[in-house]
Each structure stands twice: as C-alpha cells, then as structure tokens.
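Below is one structure, written out as structure tokens, with a few remarks after it.
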Amino acid sequence: MTNKIMKWVSWSVFLAFLAVYPKLFGIYYTNVFVTFAIFALYAVTLNLLLGYTGLLSFGHAMFFGAGGYGTALVLTHMKGVSLSMALMTGFLSAVGLALILCPIMVRVSGTAFAMLHLAFGQLMYVLSLKLRSITGGEDGIGGFPIPSFTIPGIVFVNMKAPENFYYFAIAVLGASIWMLWFFTKTPFGSIQVGVRDNAMRIDYLGFKVPQTKAVVYIVAGGFAGVAGSISAMFHNLVSADGALHILNSFVPVMMTMIGGIGSFFGPIWGAAIFQVIEELTSRYTQRVELVVGLILILVIMFTPMGFVGILRSIKQKWTTYKIRRKS
Amino acid sequence: MDPTTAMYVAQGIHGLAYGMVLFLVASGLTMIFGMMGILNLAHASFFMLSAYFCYQFLSITGNFWAALLLAPVATAFFGVLLERFLLRKIHAFGHVGELILTVGVSLVILAGVKIFWGTESLPVKVPPILHGLVTIKGLDYPIYRLFVIGLALVVLAIMALLLYKTRLGKIVRAGVSDADMVNALGINMPLVFMFVFGVGTWLAGVAGVAIAPILTVFPGLADQMGMDAFIVVVTGGFGSLKGAFIVSLIFGELSAYGVQFFSQLAPVLMFLFMAIVLIIKPMGLFGERE
Amino acid sequence: MNILETKGLYHDFSKLQVLFDVNLQVKEGERHAVIGPNGAGKTTLFNVITGTYHPSRGQVFFKGKEVTGARPHEMTRLGMGRSFQITSTFGRLTAFQNIRLAILSKKGIRFQFFRKVDSMQAITEETDQVLKRINLDRERNIPASMLSYGKHRALEISLALATDPDLVMLDEPTAGMSKDETHYAVQLIRRLTEGKTLVIIEHDMDVVFSLADRITVLHYGQILATGSPFEIRENQAVKDAYLGALEV
C-alpha cells in the first residue's frame with residue numbers, strides 16, 4: 001500500500017515540477033526541454049524496434065520527416081486546420097509511409113534491415129531536396145501558421161507563446177510515451193519480445209510473425225511521426241537537413257545506446273544526457289562531432305548496456321553491500 | 001566522329017572514371033563485410049582522410065607520386081589501428097555495437113580533419129604530365145581521368161593477383177564465403193582480419209588520392225562518396241566483389257549520363273535503381289547471406 | 001481414424017533427395033515413434049509436416065483436412081504442437097514468460113493492446129499451474145538461457161504442450177540428457193501427453209520401446225517398416241538396415 005502512495009506522490013511531484021518548469025527556468029531552458037522531450041519520444045520509438053524487436057534502423061528519420069512534412073504541408077496549404085488535425089496529419093503521414101514500406105521490411109532483419117532503411121532514408125532525403133515545388137528544397141517549409149488550441153466557447157490558447165506551446169508539446173509527447181510504455185506491457189508487447197528472441201518459435205506457438213513485426217513497425221513509425229510533427233510546429237520549420245538528414249537517423253540510435261538498450265526508459269535517459277552534452281559542448285567548444293564521436297566509442301567500449309546499465313550495476317552493488325553489512 | 005557522339009563518349013569516360021573510383025571504395029567495404037561481417041560505416045571517412053594525407057604529403061614533398069604511394073599506406077595504418085584496438089574488443093557484443101562504434105569513429109575523423117586542416121576546400125595539383133587533354137581520333141580526353149581509370153585497373157590487377165595467386169589470397173577468399181569454416185581450420189584469423197581491414201582501407205585510400213585533384217579536398221567528401229559506396233554494396237549484394245564491380249560501373253555511367261539528361265533527378269536515379277533491385281532481391285544482386 | 005497422414009511425400013534440398021515417397025499414418029490417440037539412423041530424414045519429415053518447409057511433392061492431411069504447405073502458425077492453430085531437437089526457447093525471457101506466450105496463444109489472445117498482460121489473472125494462474133506441473137515453479141523468474149540443461153529441455157517440451165494440442169510432435173526430447181534426466185523426461189512426457197496423440201523422434205531404444213505403441217522406421221528418406229514394437233523388433237529388413245548396424 002505504501003508503495004502505491006509513494007508512486008502517487010512521486011508522480012504528483014513530477015507533474016508539478018513540469019507545470020512550474022517554465023516559470024523556474026525561463027524561456028531558453030523551456031525550449032531546451034521541449035527539444036529534449038521531442039527526442040525522448042523519437043528515441044523511444046526507435047528502441048521499440050531496436051530493443052524490443054531486435055531491428056536496427058538507420059533510416060528512422062524518414063518517419064520523423066514524414067510527420068514533420070505532413071503537418072507543415074497541411075498547415076501551409078489548408079485553411080482552418082485545427083491543432084489536433086495538424087498533429088493527426090503528421091501521425092497519419094508517418095503511418096502511411098510505414099504501411100507502404102512494411103511489406104518489404106518485415107521480410108528482412110539484421111544488417112539487411114539496417115541498410116534498407118539507410119537506403120530508403122537517403123532516398124527520402126534526396127527526394128525532399130529535389131522535389132522543390134512540394135518540399136521547398138534546401139529551404140524546407142517554414143512560416144506556416146500554428147493554429148491555436150481551442151475548444152469553442154471554453155478555451156482559447158495561443159500557441160505562438162513558447163510557454164503555451166511547452167504545455168501542449170509536453171502533454172502530447174508525454175501521453176505518446178505513456179501509450180508506448182503501455183503498448184510494451186500488453187500481451188502483444190510480450191509477443192513482440194518473443195519475436196526478438198526467437199521468431200521461429202513464435203511462429204510455432206501460433207502467432208503470425210510478419211504481421212506482428214508490421215504492427216510494431218507501424219506503431220514505431222507513426223509515433224516517430226508525432227515527434228516530427230511537434231518538432232515542425234515547434235521550430236515553425238521543416239527542412240531536409242533538419243528532419244531527413246542521415247544524422248537525424250543516427251541520433252536516436254546514439255541516444256538509445258547511451259541511455260541503455262535493455263530498458264524502456266533508457267532512451268529517455270539517453271536523450272537527456274545527449275541534450276546536456278550538446279548544451280555544454282556547444283557552449284565551450286565548437287567540436288560537437290568530436291565529443292559525440294568519442295562518447296559513442298567510449299560507451300560501446302566500456303558500458304555497452306548504457307547509462308541504465310551503469311545504474312543497475314550500482315544498485316546491485318549497493319544491495320550486496322547492504323546485505324553484507326547486515327550479516 | 002560528330003560532336004554529339006563525341007559528347008557521349010566523353011561522358012562515358014567520365015562515368016567510367018567515377019565508377020572505377022567508386023569500385024575501389026566499395027570493394028574495400030564489401031571485402032571487410034564479407035570477411036568479418038562488419039559493416040564499416042567509417043570506411044568513407046578513411047577515403048577522405050587519405051585525400052587529406054595526399055594534400056599534406058604533397059605540400060611537404062611537392063611530389064604527387066610520393067603522395068600517391070604514401071597517403072594510402074598511412075590511411076591503412078589507421079585502419080589497422082581501428083581493427084586491432086577497437087573493433088576486435090567489441091566483437092562479442094554483436095553487429096549493433098560495431099555499426100555504432102564505426103559511426104563514432106567517422107565522427108572523430110571528421111572532427112579531426114576539421115581541427116587539422118580547417119573547413120575550406122584544399123586544391124591538389126597534379127604533375128604537369130597528367131595535365132591537360134590528349135587527342136585520340138579527333139576527340140579530346142582529360143588525361144587525368146584516363147590516368148584514374150588506368151590506376152584503378154592496375155590496383156585491380158594487383159588485387160586479383162593477390163587474391164588468386166597467393167596462399168593468403170586463398171584464405172581471404174575462403175574467409176569471405178565462410179569465415180567460421182576457415183577459422184575451424186586453425187588459421188590465425190585475427191591476423192587475417194587485420195590484414196583484410198588494412199587492405200580494405202588501403203583501397204579506400206587509393207581512391208581518396210585519385211579523387212582529390214578532381215573534387216578538391218573538403219570535409220564533406222566522405223558523405224558524398226560514402227553514400228554512393230554504400231548503395232553500391234547494398235545493391236550489388238553484401239560481400240560480393242562481382243556485384244560491387246558491376247554496380248559501380250553502372251552507377252558511374254548512370255550518374256554521368258543522368259546529369260546529361262535529367263540533371264535535377266540524377267541522384268535519385270541511383271536510389272531508384274537500388275530500390276527496384278532490393279524489392280525484387282532484398283539481399284542485393286549477388287548477395288546471399290544475412 | 002488417422003489424425004495425421006502423409007501421401008507420397010517427397011522433399012529435396014537442391015537436388016539432394018531427403019524424403020522419398022513417404023506414406024505415414026498416425027492413428028488418433030496412439031504414441032507413434034519415428035526411428036532411423038542419422039540422416040534418415042526424420043527431422044526433415046517433421047519440418048515438412050509442421051510447415052517449416054513446403055514439400056516438393058505429395059500431400060499432408062491433419063484431422064482429415066489437407067494441410068499441405070500450411071505455415072507453422074496455421075498448424076499450431078489447427079491443434080498441433082512441436083518441440084525441437086536443438087532447444088529453441090526465448091532465451092532472455094523467464095520461464096514464466098516463456099510458458100505465458102504459449103498460454104496466450106492457446107487462449108487466442110494475439111493482437112490485444114488494451115490490457116496489461118500482468119493484470120490478466122487467469123493467464124497468470126494457468127501459466128503457474130503449467131510451471132508447477134513440470135516442476136519449474138522454483139525457476140519461475142529465471143531467464144530460459146540460464147536454466148540447467150534438464151530444466152531447459154523440460155521447458156522446451158512444455159512449450160509444445162502448453163498450447164493444449166491434440167497432436168504432439170517431439171523431436172528427440174531426451175537428446176543430450178543423462179540417464180536420470182531421461183527417465184524423468186519420459187515420465188513427464190507420459191504424464192503430459194495423456195489422452196493426446198504423440199509422434200516422437202527418438203534415438204534411445206529404451207525410450208522408444210517403453211513409450212511407443214507403434215513405430216515407423218525411416219531409412220534414407222523412405223519408410224522401411226511400420227508396426228508394433230514387437231513387429232519392428234522381429235523385422236529382418238529393419239534389423240539389417242538399422243538395429244543390426246547399432247549392435248555390431
């Protein structure tokens with residue numbers, strides 16, 4: 001019972017902290033936090049493939065980009081689009097892309113899966129640069145109107161104010177992360193992990209492996225699209241280099257590795273650590289690549305289970321220490 | 001020859017030169033993959049590193065031929081270091097670790113290059129003998145491109161001799177098709193791996209020197225070549241030298257004639273070609289294994 | 001009535017003929033052993049029947065319905081369970097989670113996204129019952145790959161049985177076990193397959209003759225003989241081809 005109360009208390013403290021965060025830290029760090037939250041969701045969706053299904057993707061940015069371009073296009077070209085419709089368009093664009101790709105992708109795994117994604121990701125990148133009339137080429141699509149959050153007659157919130165957008169973004173991203181967490185806890189989630197460990201046995205237990213992979217793939221793609229959609233509205237810009245560049249496919253992989261591949265919350269830790277590193281390095285040095293590169297090498301060489309792995313081993317040492325002291 | 005035909009032939013030679021350079025890079029990549037199962041995402045960075053070494057040796061010695069000889073060897077040295085001190089230690093962790101490690105290495109190389117040489121384009125001058133045009137049957141060809149084709153052919157010949165006429169080559173070829181079996185035969189595989197990795201990066205190094213006078217030397221060099229080489233390896237089939245060779249030449253010509261006919265969409269052509277191949281054969285034209 | 005029947009089954013791997021005109025008949029409720037020297041095609045026969053491979057030629061009937069070329073998940077849903085010669089469990093999942101997957105399949109819970117699996121009391125209880133029955137309740141929360149060999153094999157066999165199939169196909173369930181472990185495993189199999197049809201590939205002749213009602217002998221991809229243990233023991237062709245070779 002006390003456990004349950006503790007859980008409620010810590011959740012309330014956490015939510016209260018999120019609520020007063022903009023007041024406490026000001027506009028700059030509010031925006032830093034939104035960026036972190038976008039990448040946290042984005043990395044969690046990648047880990048759904050990598051950690052939970054054993055599929056490494058080097059082209060996850062195409063879903064992020066599909067979400068961003070979907071939202072930006074609908075806001076640019078259609079009048080009177082509501083905020084939720086804009087978000088939904090981003091989600092559905094990414095889902096659509098995943099639907100198109102999944103008949104090919106569920107047939108492969110391992111290096112082939114990674115490389116096919118690298119290839120299709122680059123195809124999207126090049127297409128977005130070349131199809132200038134739709135995507136705006138190098139400049140991307142920017143300056144589109146951001147609708148206000150309205151419930152007619154009751155609420156009207158202007159999303160141009162960074163603080164208001166913060167609450168909207170945190171709510172959407174937080175809810176998405178929670179939904180994905182729940183997803184991994186469902187019966188389907190346990191079948192998904194079974195596919196990672198032993199796809200053949202899953203088949204022999206009476207589950208359809210390709211269909212299972214397809215559902216995971218579509219969910220991961222769709223929610224990466226949500227992250228991309230929020231990102232596009234946050235920056236009021238979506239561009240080939242910002243959304244579809246190969247580095248944007250590597251980023252969630254790095255976050256997942258740094259945070260810890262074996263846990264749901266690892267990628268979120270990874271996104272936070274990544275954000276801190278980027279803040280610090282861009283302030284004190286121009287060499288962000290050098291720092292990121294060195295960190296990747298060090299993580300792989302010395303703590304392949306990432307930050308959560310370190311936490312776990314510390315916890316383990318602490319309990320053995322306590323047991324030893326008792327006896 | 002009428003001017004139109006002449007133009008086609010000239011484009012064809014451009015494409016051939018690029019295809020050959022592409023093959024030098026892609027062959028190293030696919031060899032390392034076939035032998036060790038490692039997809040070296042830093043491969044193109046070694047290619048770029050060699051171009052910078054070439055610039056450096058050239059500005060010290062003033063001799064292009066010395067640079068052509070030394071730069072790839074220096075590059076291979078760094079490749080061997082990567083294999084020996086980093087990749088070998090994480091082999092147990094599986095492919096995800098290797099892929100990410102090589103991404104880290106490529107970022108470090110990129111940063112290092114910017115620290116030592118800055119970000120602007122550095123010119124590489126070729127010796128006078130490779131300058132200018134040569135006229136064959138009333139057609140002008142840039143000598144340097146012909147030299148590049150020749151250089152690639154020489155390297156290819158050396159590689160073929162090494163692979164098909166020596167004991168080491170036999171081991172490597174057997175290893176590419178079945179590394180476990182060769183290991184079981186009691187051959188010192190770690191040493192062979194190191195050697196293959198060295199040769200692979202050396203090939204990328206030769207390509208780096210060859211391309212430097214054409215494209216100049218700048219930090220974006222790796223991205224451009226890297227992506228093309230990956231597409232070649234993916235389309236040709238992982239670990240297949242034959243596939244890499246055929247697809248390199250196709251892509252070389254595709255990009256040369258593509259620029260001529262659909263300038264805007266030329267880069268898309270390669271991806272389209274790849275996408276079609278992969279939809280039909282997910283493992284590439286000549287690929288078999290996962 | 002025959003619960004399983006193959007008619008003129010052929011299979012080849014790139015020109016290498018592995019199965020040659022196999023006509024296997026398994027009666028409902030019997031314990032049927034498939035024996036034969038190494039390389040006789042026993043596991044391939046299992047793979048063709050259960051859907052790993054599509055046969056090159058011939059037909060497979062299950063419960064009177066033609067199922068030639070059906071995929072493994074279709075066969076499982078029709079009521080077939082299969083274990084593997086090389087242990088094939090979910091290595092990183094606990095014993096409990098392994099069995100729970102089979103229970104979920106049995107209950108037809110597949111694309112369920114709106115409930116936590118941990119909160120499904122009935123599933124948890126049934127899984128724990130299975131674990132108890134196979135004596136794995138103390139290893140409930142240990143990852144499959146960390147189980148002792150004997151326990152791991154027991155988990156392998158129970159994965160095939162936990163979906164409650166009518167026909168159980170076990171591929172060398174006692175492979176690599178010690179004498180004691182084998183004895184225990186045979187008890188387990190006898191107990192768990194009560195009232196079901198069993199097809200078993202086995203090398204250990206003691207196991208075969210103590211467990212089987214009928215035996216089929218496979219030799220170079222062909223059926224040499226089918227009959228009761230007594231008939232097989234007395235069959236001259238079998239003696240020459242197989243038992244003889246073993247005794248010499």
Side-chain angles (χ1 to χ4, degrees), chain A residues 50-51 54-56 58 101 103-132 137 245-247 249-251 253-254 256-258 261 285-302 304-305, chain B residues 33 37-39 41-42 45 82 85-87 89-90 92-115 219 223 226-228 230-231 233-235 238-239 262 264-272 274-275 277-279 282-284 287 289-290:
Chain A
L50 179 57
L55 298 168
L56 171 63
F58 277 140
L101 290 177
I104 310 168
M105 298 307 182
V106 297
R107 282 160 53 198
V108 294
S109 55
T111 308
F113 185 90
M115 289 306 107
L116 273 172
H117 279 83
L118 187 75
F120 278 99
Q122 280 309 104
L123 177 61
M124 295 294 158
Y125 174 70
V126 174
L127 278 177
S128 76
L129 283 179
K130 298 297 169 190
L131 299 175
R132 223 163 251 135
H245 195 271
I246 186 159
L247 272 180
S249 285
F250 285 148
V251 160
V253 179
M254 295 176 198
T256 304
M257 292 310 294
I258 292 172
I261 190 173
T285 157
Q286 303 278 300
R287 312 284 173 211
V288 179
E289 300 127 339
L290 183 67
V291 176
V292 172
L294 284 176
I295 286 173
L296 278 184
I297 294 172
L298 291 176
V299 165
I300 290 293
M301 296 299 293
F302 299 109
M305 289 320 281
Chain B
F33 182 85
I38 292 174
L39 193 69
L41 291 172
S45 303
L82 167 65
F85 292 105
L86 296 177
L87 279 172
K89 303 214 159 138
I90 61 152
F93 190 61
H95 292 322
V96 175
E98 289 160 356
L99 290 169
I100 290 163
L101 179 79
T102 53
V103 169
V105 170
S106 74
L107 288 173
V108 170
I109 291 178
L110 180 64
V113 156
K114 284 182 183 170
I115 290 169
D223 285 351
M227 195 38 69
D228 287 5
F230 278 119
I231 300 173
V233 172
V234 171
T235 317
F238 292 105
F262 331 80
Q264 272 304 306
L265 289 173
V268 183
L269 280 181
M270 285 169 71
F271 286 107
L272 219 58
M274 172 196 66
V277 167
L278 290 181
I279 287 166
M283 297 312 296
R289 38 191 258 172
E290 276 276 290

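Within every chain, numbering begins at 1; the chains are lettered A, B, ... in the order of the sequence lines, protein sequences first and strands thereafter. Side chains are part of it too, since the values below use all heavy atoms of this structure and drop only hydrogens, waters and symmetry mates.
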Exercise. Is chain B contacted by the side chain of A:F58, its backbone, both, or neither, given a heavy-atom distance below 4.5 Å?
Worked result: side chain
Seminar exercise, completed: CD (B:E98) and CD1 (A:I300) are apart, to the nearest 0.5 Å, by 10.0 Å
For this session: Measure distances from A:I104 to the heavy atoms of chain B and classify the residue's part below 4.5 Å as side chain, backbone, both or neither.
Result: side chain
Exercise. Of the backbone (N, CA, C, O) and the side chain (C-beta and beyond), which part of A:L118 lies under 4.5 Å from a heavy atom of chain B, both, or neither?
Worked result: side chain
Exercise. Residues two or more places apart in sequence or in another chain: which of them pass ring-ring contact (aromatic ring centres under 6.0 Å, His included) with A:Y125?
Worked result: A:H245
Seminar exercise, completed: Honestly, the part of B:L39 sitting under 4.5 Å from a heavy atom of chain A is side chain
For this session: For the residue pair B:L86 and A:I297, establish whether any side-chain heavy-atom pair is separated by less than 4.5 Å.
Result: yes
Problem set entry | Nearest-0.5 Å distance, CG of residue A:L247 to CG of residue B:D223 | 7.5 Å
Seminar exercise, completed: Residues passing the side-chain hydrogen bond (donor to acceptor under 3.5 Å, both in side chains) test with B:D228, sequence neighbours excluded, are B:Y18
Problem set entry | Structural part of B:V233 lying under 4.5 Å from a heavy atom of chain A | neither
Exercise. How far does CD1 of B:I100 sit from CE of A:M254, to the nearest 0.5 angstrom?
Worked result: 8.5 Å
Seminar exercise, completed: Scored by heavy-atom pairs under 4.5 Å with chain A, the best of B:L110, B:V105, B:I115, B:V234 is B:I115
Exercise. Is there a side-chain contact between B:L107 and A:F250, using heavy atoms and a 4.5 Å cut-off?
Worked result: no
Problem set entry | Test log, rule side-chain contact (heavy atoms from CB on, under 4.5 Å), inputs B:L101 and A:L296 | CA-CA 6 Å; B:L101 179 79; A:L296 278 184; over 6 Å; no
Exercise. Using non-hydrogen atoms only, which part of A:L56 is less than 4.5 Å away from chain B: side chain, backbone, both, or neither?
Worked result: side chain
Problem set entry | Rounded distance (nearest 0.5 Å) linking atom CG of A:L290 with atom CD1 of B:I109 | 11.5 Å
Problem set entry | Contact class of A:I246 relative to chain B, heavy atoms under 4.5 angstrom | side chain
Exercise. Could you give the distance from CE (B:M274) to CD (A:Q122), rounded to the nearest 0.5 Å?
Worked result: 9.0 Å
Exercise. Any side-chain heavy atom of B:M270 within less than 4.5 Å of one from A:V126?
Worked result: no
